Amino acid sequence: MKTCISCGMPMTKPSDYPLADESKDYCIYCARPDGSMQSYPEKLEGTTEFLIRTQGLDKEAAHQIAIRTLSKLPAWKGKENNIE
Amino acid sequence: MKTTNRQLQKKQTKEALLRTAYEVFSERGIMNTRMSDIAQAAGVSHGTVFAHFQTQEMLITKVVETYGGKIALRTHELAGSCEHMKEILSAHLAGIMEFEPFYTRLVIENRLLAPAARDVWVSVQSSISFHFSQVAGREIQSGRSINLPTHLLFNIWVGLVHYYLANGDLFAPEGNVIKRYGETLVENYMKLIQTDHRTRGRQG
């Protein structure tokens, strides 16, 4: 079983992959509509928005958690040091 | 070859220590446990524990990362195929029940833990809020659920479950909160959020 390099989600079925392409290392939720992988700023914004929308977190708290959580994933290792 | 065996042994010892720490934390609490308690329970010297985890915070964080990750993965597996809200809620509880003593410690103590461990707690919640929000969106759209913001629907549910778990000594002194109350919580939460067309008809 592969896990998404960008968000850590386990990918177990074709519909978990962008355009059902199982050769990809990132999941459908980390892809743009054309199947390419979202950039770090896009993913950071998306993760922050997800935490606010589904769990009701404060915007800044969600932003900080998103930075720390993404920094542990293979696609974004060390990224937390590159931004404010 | 010698090095490989040694590395393997080191890995096994580390995994055994994590497992022991998980069990001791589940039973006695996370902040209540000393490194020496884990060494004693694992049958190793205090020095062996320190050789693998230099500080208590490192040990706690690693245990929470390892077992929090397992809880999140299991929740994702169970909830991923659910079509309706009631199924999601039952799947959520089934996942918690497999780890109930440790999950309960996290409910009570996560606020006191280091940021890395606290982030894992949020990830565990994300593993269910992700599926919950998708199903809630569909049920609101189709008129089966009352129209509240997704995060409030979610927080009302987890608030209820976590309240029972945090006070498990009062609700289920035998130690099985989910087994005893799970079905009741699901049934009554559903009554809260389901739209009742008959009542609406009478009012209209």
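These numbers were taken from a predicted model, which means no experiment stands behind them.
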>> Heavy-atom pairs under 4.5 Å with chain B - which of Thr69(A), Thr3(A), Ile65(A) has more of them than the others?
In response: Ile65(A)
>> Looking only at side-chain N and O atoms, does Gln7(B) offer a donor or acceptor that is under 3.5 Å from a partner on Thr4(B)?
In response: no
>> Within the 3.5 Å criterion, strictly below it, is a donor on Ser145(B) or Gln194(B) matched to an acceptor on the partner's side chain?
In response: no
> Between Leu51(A) and chain B, which part of the residue has a heavy atom less than 4.5 Å away: side chain, backbone, both or neither?
Replying inline: side chain
> Looking at residues at least two apart in the chain, or sitting in another chain, which of them share a salt bridge (Lys or Arg N to Asp or Glu O under 4.0 Å) with Glu27(B)?
Replying inline: none
> Under the salt bridge (charged side-chain N to carboxylate O under 4.0 Å, His left out) rule, what pairs show up with a residue in residues 155-183 of chain B, not counting sequence neighbours?
Replying inline: Glu174(B)-Arg180(B)
> Quick one: salt bridge (charged side-chain N to carboxylate O under 4.0 Å, His left out) pairs with a partner in residues 113-140 of chain B, sequence neighbours left out?
Replying inline: Arg68(A)-Asp119(B), Glu139(B)-Arg144(B)
> What parts of residues 59-80 of chain B touch chain A if we use heavy atoms and a cut-off under 4.5 Å?
Replying inline: Glu65(B), Leu73(B), His76(B)
> Do His151(B) and Trp157(B) have their ring centres less than 6.0 Å from each other?
Replying inline: no
> Are the aromatic rings of Tyr29(A) and Phe130(B) close, with centres under 6.0 Å apart?
Replying inline: yes
> Side chain, backbone, both or neither: which part of Ser123(B) has an atom under 4.5 Å from a heavy atom of chain A?
Replying inline: side chain
